[in-house]
Amino acid sequence: MTDPETPATGWVPEAAEEEAAEDDMPLSLRLSIADTLTLGNATCGFMAVYFTTTGILIPHLTGSGESGMARHSAATAVILMLLAAVFDLFDGIVARKLRSSPMGAELDNLSDLISFGLAPAYFVLVYGMVADDAHQKVSALAAIVVLLAVVLRLARFSCVTMKDGMFQGMPSPFGALTVVSIVLLELPFPPTLLAIIGVAWLMVSRVEYPKPRGVLAIAMLSWIISAMGLLAAWAFDAPGGQLLLQTGCALQIALAATIPLFATTRRANTFRHNRREARAAQLP
């Protein structure tokens, strides 16, 4: 029983205690909306590895796999990587419009490593184990190259300051989708291996890529949605689904090869223009 004459100065309501605890929580431990999207990115990458393992690798090792089930699982894994790219696209937009926590950049790099480093590298590794003309050890080496390229790409992104609106090296989501497109195109093993190594090199190169903002972001989102539709048509064995998927994969690879050419040409033209201006300035 409480003494009515005793002041209740030491008593704080439970709701007030919780509010005070939330206010005292370090800012670095609070998740923003952008951080939640980033965690969705990581979840998609992990689930892509899960479906690659349970739907392709394990049935192949046990001899119980069917081509239809493997096709469904491969399509699901790649769709999850595409969905991770959507989360990666929107977490940056939301962070710029609203706010991001101090650990937002670290979360983004770690999530990208899972979804666009581990997941596509594992996809390449499993391809080397299940494909008829592939070589497992060489595919494992190619998978390691892809993974290390993404690690170096993300580390450099954290350390190097680029001019606004540009990336240095192929962005890891774009690189991951190009790698899986090369695998799904089902080319002979030697050109497949060379193309995968080429994409890994582009990710650590100094080629400049535009950031997906404005119209480019809308175009990228439209392309991702279209790719999901192509994968679904292929997974459910729709009429012409195989041809549609191969066309989409070929377009992805062609785009990956074309952008560096345009970027290199632009840099060469800029260099020539600057040299002409410098020579003109030296003339009397």
Side-chain angles (χ1 to χ4, degrees), residues 39-89 111-112 114-136 139-140 142-143 146-147 172-189 192-193 195-196 199 220-253 256:
L39 294 178
N41 171 6
T43 302
C44 289
F46 174 78
M47 293 305 296
V49 173
Y50 169 80
F51 278 101
T52 304
T53 303
T54 58
I56 303 175
L57 180 59
I58 293 178
H60 173 76
L61 295 177
T62 58
S64 60
E66 299 178 358
S67 60
M69 183 178 68
R71 187 168 61 247
H72 278 80
S73 298
T76 302
V78 179
I79 287 175
L80 284 165
M81 293 184 216
L82 289 165
L83 190 57
V86 173
F87 279 119
D88 186 62
L89 177 66
S111 298
D112 286 355
I114 296 171
S115 299
F116 312 124
L118 176 62
Y122 187 70
F123 199 81
V124 171
L125 177 66
V126 173
Y127 154 75
M129 299 177 70
V130 303
D132 294 333
D133 64 337
H135 301 277
Q136 182 175 337
S139 298
V146 170
L147 179 62
S172 53
F174 193 79
L177 299 181
T178 306
V179 166
V180 296
S181 296
I182 293 169
V183 174
L184 291 175
L185 199 55
E186 297 182 349
L187 298 171
F189 182 73
T192 297
L193 178 66
I196 290 172
V199 173
M220 180 179 175
L221 182 61
S222 301
W223 172 246
I224 289 174
I225 294 173
S226 301
M228 288 181 177
L230 295 176
L231 285 161
W234 174 65
F236 290 100
D237 203 15
Q242 180 72 23
L243 179 60
L244 288 173
L245 178 69
Q246 290 178 343
T247 303
C249 291
L251 287 174
Q252 174 72 28
I253 297 168

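This one's a predicted model, so the numbers in the text were calculated from it and none came from an experiment. If you read the sequence from its start, that first residue is 1, and numbering goes on from there.
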When rounded to the nearest 0.5 angstrom, what distance separates [atom1] in [X] from [atom2] in [Y]?
X: T52; Y: Y127; atom1: OG1; atom2: OH; result: 15.0 Å
X: T247; Y: Q242; atom1: OG1; atom2: CD; result: 10.0 Å
X: I196; Y: F123; atom1: CD1; atom2: CZ; result: 10.0 Å
X: L245; Y: R71; atom1: CG; atom2: CZ; result: 10.5 Å
X: C249; Y: L244; atom1: SG; atom2: CG; result: 11.0 Å
X: L82; Y: L231; atom1: CG; atom2: CG; result: 6.0 Å

Of F51, F236, W234, which meets ring pair (Phe, Tyr, Trp, His ring centres under 6.0 Å) against H72?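 Result: among F51, F236, W234, F236 is the only option passing the ring pair (Phe, Tyr, Trp, His ring centres under 6.0 Å) with H72.
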
Between [X] and [Y], what is the shortest heavy-atom contact and its length?
X: L147; Y: L118; answer: CD1-N, 3.8 Å
X: D133; Y: P188; answer: OD2-CA, 3.7 Å
X: T54; Y: P59; answer: O-CD, 3.2 Å
X: A48; Y: M81; answer: CB-CG, 4.1 Å
X: H60; Y: M129; answer: NE2-O, 3.0 Å
X: Q252; Y: S181; answer: CG-OG, 3.4 Å

If we ignore hydrogens and angles and just use 3.5 Å, is the side chain of S115 paired with the main-chain N or O of N41 as donor and acceptor? yes

Heavy-atom distance under 4.5 Å between the side chains of Y50 and L80, does that happen here? no

Decide side-chain contact (heavy atoms from CB on, under 4.5 Å) for Y122 and T53; before the verdict, give the C-alpha distance in whole Å, the side-chain angles of both, and the deciding distance to 0.1 Å. CA-CA 9 Å; Y122 187 70; T53 303; 2.7 Å; yes

Evaluate side-chain contact (heavy atoms from CB on, under 4.5 Å) for F116 paired with D88, printing each intermediate quantity in order. CA-CA 10 Å; F116 312 124; D88 186 62; 4.1 Å; yes

For F189, does the CZ atom sit with more than 12 other heavy atoms under 6.0 Å from it, leaving out its own atoms? yes

